[in-house]
Every structure is written in structure tokens, then in C-alpha cells.
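Structure, as C-alpha cells:
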Amino acid sequence: MNGPMSLPKTTITRAEAFGVDLEVETVRTDAVQSFLKQETVFVELETTEGLTGFGYSYTIGTGGSAVLAMLRDHLLPRLVGADARNIEAIWFDLFASTRATTVGAITSLALAAVDTALWDLRCLRAGEPLWRLAGGYRRNVPLYDTEGGWLHLTTDQLVAGALESQKAGWPGVKLKVGKSRVHEDVERLSAVRDAVGPALDIMVDANQSMTYAEAKRRAHAFEPIDLTWFEEPLPADDLTGHIRLAESTSIPIAVGESMYSISQFREYVASGAAGIVQVDVARVGGITPWLKVAHLAETFNLQVCPHFLMEIHVSLTAAVPNGRYVEHIPQLRAITHQEMEIVEGHAVAPDEPGLGIDWDRDAIDDRRVS
């Protein structure tokens, strides 16, 4: 039993943040941008029990230094001396201490790096994998491929990529849309559908590039192709536009990767503007709020198909009963020892204690940015 002045064994004694730049593994383009590099922000926490938790978040090229500054100047000093078991209390304390910058992307990304490190500690302490401690619904989750669907690829390349995914047993592929003319998008999508037949799920992603009127027009043109969802057709802050669009088309509207708080998801879900919920663990502020969004979606009978970060989202999607898909975009191979396991078109959640990501610490150290 601890004496009156002794610290719990789970007290955080060291909190460090640093950045690592990762070049993209392949050319990636969409209707509004190119993915040039991943700024990866890491947080490492040590406790009096001798455990080390390792968490992370990311940006796709800008803002990483701002996230690091938020961590180093404001959040990490509040962690030393805290009990790492009290994840909800820590998350709320950090959120409350940054009222001037919440809700916002930089703060949410910083919170996520801390929160994932705390969950890593929780899982290591319990000797359990993340997928089980976060809910434990199943280990295998269907996988869809995005790497063969970028906007700069030719129609022939899109068809070849979709056929390759189908041959590998993957149940879905995602294609970028947003060409300057409607017929260009329709021709590309129709070519893929004709090649793969009716069984393969085809999703499309406009990356917030359209107006309501244009998205409505394109959705009408896309409907004969039998799409699984139409992702981010409008800017994420256009709730009214998404409501009107969802009412005007039979294609489910997918949103969430550009939302940074539980309350934003609540508004979208409650208003019927979201048919698929794509909550991103880094952008929403960590595993703690991610699970709340997933359970919120479940109460509205909506499925969760998280954005990017497949190495951690495989465990979270496996944890909840309404997890439908994991997105395949490999980006951590340069700093991990092994890749995510894929069996018969399904991603398999790691069963090792912790987050389940086998980090290559030497490779990470070699890529640290000053």
C-alpha cells in the first residue's frame, strides 16, 4: 500500500514530444491538393512503474511544428505528476487548459498524440491489445484500397488497380473524383464498374472540392454506377449543404476526416447529413473521443469507416460493432518493423499488448526533425 507521501506506480515522470518527416510512398493527388509528406508528431510518456507509452498524430505537410509547440509549451508540462490511468481526467484537463484554441485542428492533433500514448500505457499495463481494451468486437475488418484511385491516374490505371484489388480478395476500392467536367468522372467510374462487375464496392472522394449545386449534379450522374458512398463532397463546415445533399441522393454521404470534435459529429449525425462516419483518431483528439464518436454513430445505426492511419484504425474499427471498413494507405513502413496483416481481404488487428504498432526506433531517430 502506498504511504501518504508516495506516488502511485502509474505516475507520469517524463513527457517528451518530437517530430518525424515521412515522404509519401507514392504520388497521391486529389481534387484540391497533393500529399507531399507526412509530418508525424510523437509523444513518449514514462511512468514510475517503468512503462513507456508511445503515441502519435500527423499532418499532411503543414502545421507539424505548431502541434509540437502546443505540446511542448502547454500540454506536456501538465502531464508530469499525473496518474496515467486517469485518461478521461487527463484529456479533459488538457482540453480545458487550451480553451483559447479549441475546437481546432492544432489542439486536437496535439491531444491525440498524448491520448494515444496514454492508451498505449493502458494496454501495456493490462497486457492486452488495443482492439480488445477498446471494445473487443472482432479482430478482422474488411479492407478497401485507396492507393489505386488517385486523381492523376489514367482510366486504364484505375481499372488495373481495381482489378488487382479484386483479385487479391479486397471487397472495395476508393477512387478520387473532381475532374473539371462531369463526364470525365463518370467515364472513369463507369470503366471501373464495367471491369469489376457489381460485387466490388466502389467509393468516391471529392475532398471538399464542390459546391452544393455541383455535388448534387454529380451525385445524380453517379447514381447509375452503384457507389457505396460519396465522400467529403462539400467543405466540412457546410452542414446545411450536406443535409440538403443527403436528402437529394440515394448515395450515402461520408464525412468526418476533417472534423475535430465530438460536437461536430453530433450535429452531422443528428441532422441526417452523414450516412457514413469517417472519424480520424488524430484529428478528433485521440482514442478517447474516437470511441465516443463511434458509439454515437452506433446509436444512429451508422457505420464507421475511419480515415487514413490504418495501422491504428484497424484496432479501433475492430473494437466496435459498427466498424465497417479500414482504408488501405500505407505510410509508416519506413519506421516500422512489420506491416499490417492482411488475410483474405481483411485487415487483422494486432494481438500484442499496446497499440500494436511495431515501431523501428532507430529509423524514427534517424528521421527526427530539429
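The six-membered or imidazole ring of His328 lies away from that of Tyr144, with a centre-to-centre distance of 6.0 Å or more. Here the two rings, on Tyr56 and Trp359, have centers that are under 6.0 Å apart.
Nearest heavy atoms, Val343 versus Glu341: CG2-OE2, 3.6 Å. The minimum heavy-atom distance linking Ser108 with Val284 is given by the pair CB-C, 4.3 Å.
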Worksheet item: After noting the C-alpha distance and the side-chain angles of Asp145 and Lys174, does the key distance pass the side chain to side chain contact (heavy atoms under 4.5 Å, CB included) rule?
Response: CA-CA 6 Å; Asp145 185 50; Lys174 186 163 77 180; over 6 Å; no
Worksheet item: Hey, mind stepping through Ile60 and Val24 against side chain to side chain contact (heavy atoms under 4.5 Å, CB included) and telling me if it holds?
Response: CA-CA 9 Å; Ile60 58 170; Val24 294; over 6 Å; no
Item to complete: Quick one: do Glu184 and Arg188 satisfy salt bridge (Lys or Arg N to Asp or Glu O under 4.0 Å)? Show the steps, please.
Response: CA-CA 6 Å; Glu184 294 179 88; Arg188 288 157 64 86; over 6 Å; no
Discussion item. Is there a salt bridge (Lys or Arg N to Asp or Glu O under 4.0 Å) between Lys292 and Glu88? Walk through the geometry before answering.
Written reply: CA-CA 12 Å; Lys292 293 176 182 179; Glu88 286 279 1; 3.1 Å; yes
Practice prompt. Could you go through the salt bridge (Lys or Arg N to Asp or Glu O under 4.0 Å) check for Asp21 and Arg367 one step at a time?
Written response: CA-CA 6 Å; Asp21 282 350; Arg367 289 168 172 81; over 6 Å; no
Discussion item. With salt bridge (Lys or Arg N to Asp or Glu O under 4.0 Å) as the criterion, how do Lys176 and Asp185 come out once you've worked through the C-alpha distance, each side chain's angles and the decisive distance to 0.1 Å?
Written reply: CA-CA 9 Å; Lys176 299 293 184 175; Asp185 278 340; over 6 Å; no
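A salt bridge is absent between Lys216 and Glu247: the closest approach of a Lys/Arg side-chain nitrogen to an acidic carboxylate oxygen does not fall below 4.0 angstrom. With respect to the salt-bridge test (charged N to carboxylate O, under 4.0 angstrom), the residues Arg122 and Glu128 do not qualify. In this structure, Arg368 pairs ionically with Glu16, as a charged nitrogen and a carboxylate oxygen lie closer than 4.0 Å.
A heavy-atom distance below 4.5 Å is not found between the side chains of Asp201 and Trp229. Side-chain contact between Glu214 and Val182 is present, with heavy atoms from C-beta onward closer than 4.5 Å. For the pair Thr211/Leu234, no side-chain contact is recorded, criterion being any heavy-atom separation below 4.5 Å from C-beta on. Looking only at side-chain heavy atoms (C-beta outward), Val348 and Met340 stay at 4.5 Å or farther from each other.
No donor-acceptor pair under 3.5 Å is formed between the side chain of Glu231 and the backbone N or O of Asp205. One N or O on the side chain of Thr249 and one on the backbone of Ile251 form a donor-acceptor pair closer than 3.5 Å. Side-chain N or O atoms of Arg193 include one that pairs as donor or acceptor with a backbone N or O of Ile225 at under 3.5 Å. Side chain of Gln331 to main chain of Glu23: a donor-acceptor pair is present (N/O by atom type, distance under 3.5 Å, no hydrogens or angles).
Taking CG of Leu79 as the start and CG of Leu94 as the end, the distance is 5.5 Å to the nearest 0.5 Å. Rounding to the nearest 0.5 angstrom, the gap separating the CG atom in Leu121 from the OG1 atom in Thr52 is 7.5 Å. Of the inter-residue distances, the one linking Tyr260 atom OH with Ile106 atom CD1 reads 8.5 Å to the nearest 0.5 angstrom.
Counting heavy-atom neighbours within 6.0 Å of Gln157 CD, excluding the residue itself, gives a total above 12. Shown here is Phe92, whose CZ atom has no more than 12 heavy atoms of other residues, nucleotides or ligands within 6.0 Å.
Taking the six-membered ring for Trp and thresholds of 30 and 60 degrees, Phe18 and Phe54 have ring planes inclined between 30 and 60 degrees apart.
A donor-acceptor contact under 3.5 angstrom links the side chains of Asp83 and Thr10, judged on distance only.
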Check: residues 66-74 side-chain donor-acceptor pairs under 3.5 Å, at least two apart:
residue	atom	partner	partner atom	Å
Arg72	NE	Ala17	O	3.2
Arg72	NH2	Ala17	O	3.0

